[in-house]
Amino acid sequence: MPRTNVVQSGRPPRIRRSSPQSAKAPEGDWSADEIRSLQTSLKAWSKRTPRDMPWRGVGDPYRVWISEIMLQQTTVAAVVPYYERFLARFPDIATLANAHEQDVLSAWEGLGYYSRGRNLHRAAQAVMSNHGGEFPRDVEALRGLPGVGRYTAGAIASFAFDVKAPILEANTQRVYARLAGDEGDPRTSDGQTRLWNFAERILPARGAGPFNQALIDLGALVCVPGRPKCEECPLVHLCRAHRAGRQDQIPPAKARPKVTDVHEAVMAVRRNGTWLVRQRQPGERWAGMWDFPRLPLERPIETPGKAFAGLQDALMDSTGLHALPAALLPHFSHSVTRYRIHLARVVANYAAGEWSQLAEVRWLKLEELAALPMPMAARRLVRDLDQPGWAPDAPFELSSTSGRRRNAKPR
DNA sequence: CTCCAGGGTG
DNA sequence: CACCCTGGAG
């Protein structure tokens with residue numbers, strides 16, 4: 001029987017003491033009956049709402065692990081084709097551990113957040129050397145692997161081994177916050193603590209794997225961001241947010257991070273049908289991957305004539321290479337975390353000189369570039385260089401992407 | 001074009 | 001707490 005519940009007037013609980021079991025936790029007012037009801041209702045729902053994914057229900061920790069790493073910060077639709085190709089190429093953990101990092105990065109090309117790929121490779125080697133080639137079953141040992149945090153460890157443990165381990169990721173975070181009626185910001189460390197505790201409390205003794213997957217599905221299909229579909233929800237009768245009519249406000253939307261514009265020139269330097277590429281160094285963005293030389297730019301290129309002279313000098317200064325800018329490809333922009341990178345894409349003809357750090361530099365034909373892992377912006381440039389739509393001897397023809405800034409054509 | 005989604009690390 | 005990436009939708 002619920003005792004007089006203190007109505008919390010829309011404010012998150014202020015005082016969180018060290019003890020996570022504090023009776024004032026937002027999940028504290030869930031009775032054992034309600035938790036059982038949650039478990040059975042969710043189970044029934046997941047039975048009639050099956051969601052197929054290639055890595056579901058295989059019980060193979062290697063596959064679960066690969067899929068979970070790929071799914072970090074990446075949507076299911078984007079992952080599926082990568083997952084299939086990756087498994088074909090690295091069918092088991094030993095194969096992956098013995099592969100070259102370059103090949104792992106190639107398989108990862110286009111997925112983004114490439115440290116995931118590098119960590120995947122290192123973790124495979126750790127499983128081979130520290131765990132006899134067998135995935136550890138407990139959360140703590142799993143967390144010791146590079147790239148495996150608390151969520152991924154819980155996912156592997158529960159999905160592959162049915163260990164009673166909670167999970168907290170974007171979907172379940174939303175579901176927990178609404179079920180618990182937690183008005184706080186789930187992204188703060190206090191918020192995370194509360195939601196992890198909630199996740200732990202509602203876990204069934206057996207079947208944690210299917211239970212966790214059902215929660216993810218519920219978040220993805222029903223308890224969606226913005227306006228959740230409470231009419232379809234098997235857990236409405238328990239949902240604190242719904243009870244208070246607060247489901248549209250919980251969890252609070254996150255503030256948009258401000259983006260910084262960055263202007264760069266990518267130089268496609270040509271020499272006898274080959275192109276200059278360099279391997280990005282450890283600590284750089286896209287470490288280990290191959291890219292065309294880039295030069296910082298104060299502002300977007302307005303007049304190619306003037307800019308070309310400056311680029312020629314800058315290239316000389318930073319690489320010792322003498323090359324003559326000859327053409328502009330359509331401008332290209334992409335975002336990297338909080339940066340929006342605007343790329344002027346310059347084709348230049350090699351004239352003289354050698355790049356100082358030879359080890360990390362190669363002159364390659366376009367076909368040969370296919371084999372190297374590259375960031376998407378560089379891959380796009382390779383593709384565009386391959387379309388002979390641009391004219392190396394007609395410098396100012398293709399300077400603008402949208403036609404908005406079509407230069408007066410000298411002709 | 002802008003907006004959005006999405007865990008782990010040093 | 002700053003940093004890491006891309007693709008799809010609108």
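Here is how names work: the chains are called A, B, and so on, in the same order as the sequence lines, proteins then strands, and each is numbered from 1. On a predicted model such as this, the values are computed, not experimentally measured, just so you know.
Taking only side-chain atoms of A:Q73, from C-beta outward, the nucleotide of B:dT9, B:dT2, B:dG6 with the closest atom is B:dG6.
Within residues 80-89 of chain A, no residue is approached by DNA chain C to less than 4.0 Å at the level of any non-hydrogen atom.
Taking the six-membered ring for Trp, A:W363 and A:Y350 have ring centres closer than 6.0 Å.
For the pair A:E298 (side chain) and A:H263 (backbone), a donor-acceptor distance under 3.5 Å is absent. The backbone N or O of A:D182 lies less than 3.5 Å from no partner atom in the side chain of A:R194, so there is not a single donor-acceptor pair.
Using a 4.0 Å heavy-atom distance criterion, A:T337 is classed as a base contact. Within 4.0 Å (heavy atoms only), A:R116 reaches no atom of the nucleic acid at all. Looking at heavy-atom distances under 4.0 Å, A:A78 makes no contact with the nucleic acid at all. Base engagement by A:S335 is indicated by at least one non-hydrogen atom pair under 4.0 Å involving a base atom.
If you measure from atom CZ of A:F332 to atom P of B:dC1, you get 10 Å, rounded to the nearest angstrom. Atom CD1 of A:I156 and atom P of B:dG7 are 14 Å apart (whole Å). Separating the NZ atom of A:K254 from the P atom of B:dG6 is a distance of 8 Å, rounded to the nearest angstrom. Put simply, CG on A:N212 is 14 Å from P on B:dG7, counting in whole angstrom units. The distance from atom OH of A:Y114 to atom C1' of B:dG6 is 15 Å, rounded to the nearest whole Å. For A:R118 and B:dG10, the CZ to P distance is 10 Å, given to the nearest whole Å. One can place NE2 of A:H342 at 11 Å from C1' of B:dC1, the figure rounded to the nearest angstrom. Between A:Q72 atom CD and B:dT9 atom P the separation is 8 Å, expressed in whole Å.
Each of A:Q72, A:E68, A:E169 was compared with A:T152 under the side-chain hydrogen bond (donor to acceptor under 3.5 Å, both in side chains) criterion, and only A:Q72 meets it.
Distance CG/A:L218 to CH2/A:W45: 5.0 Å, rounded to 0.5 Å.
We find that A:R201 and A:E34 are not joined by a salt bridge, their nearest charged nitrogen and carboxylate oxygen being 4.0 Å or further apart. Checked for salt-bridge contact, A:E284 and A:R278 meet the test: a charged N lies under 4.0 Å from a carboxylate O.
A cation-pi arrangement, defined by a distance under 6.0 Å to the six-membered ring centre and an angle within 45 degrees of its axis, is absent between A:R118 and A:W108.
When each of A:L71 and A:L145 is assigned the nucleotide of DNA chain B with its nearest heavy atom, A:L71 is the one assigned upstream, toward the 5' end. Nearest-nucleotide positions on DNA chain B place A:Y113 closer to the 5' end than the other of A:R143 and A:Y113.
Using modelled atom types, one finds no donor on one side chain facing an acceptor on the other under 3.5 Å when comparing A:S106 with A:R89.
The side chain of A:N171 places an N or O atom within less than 4.0 Å of a non-bridging phosphate oxygen (OP1 or OP2) of B:dG6.
Protein chain A contacts DNA chain C from C:dC3 to C:dG7, reading 5' to 3' and using non-hydrogen atoms of the protein with a distance under 4.0 Å.
By the side chain to side chain contact (heavy atoms under 4.5 Å, CB included) test, A:Y82 pairs with A:M70, A:R85, A:L111, sequence neighbours left out.
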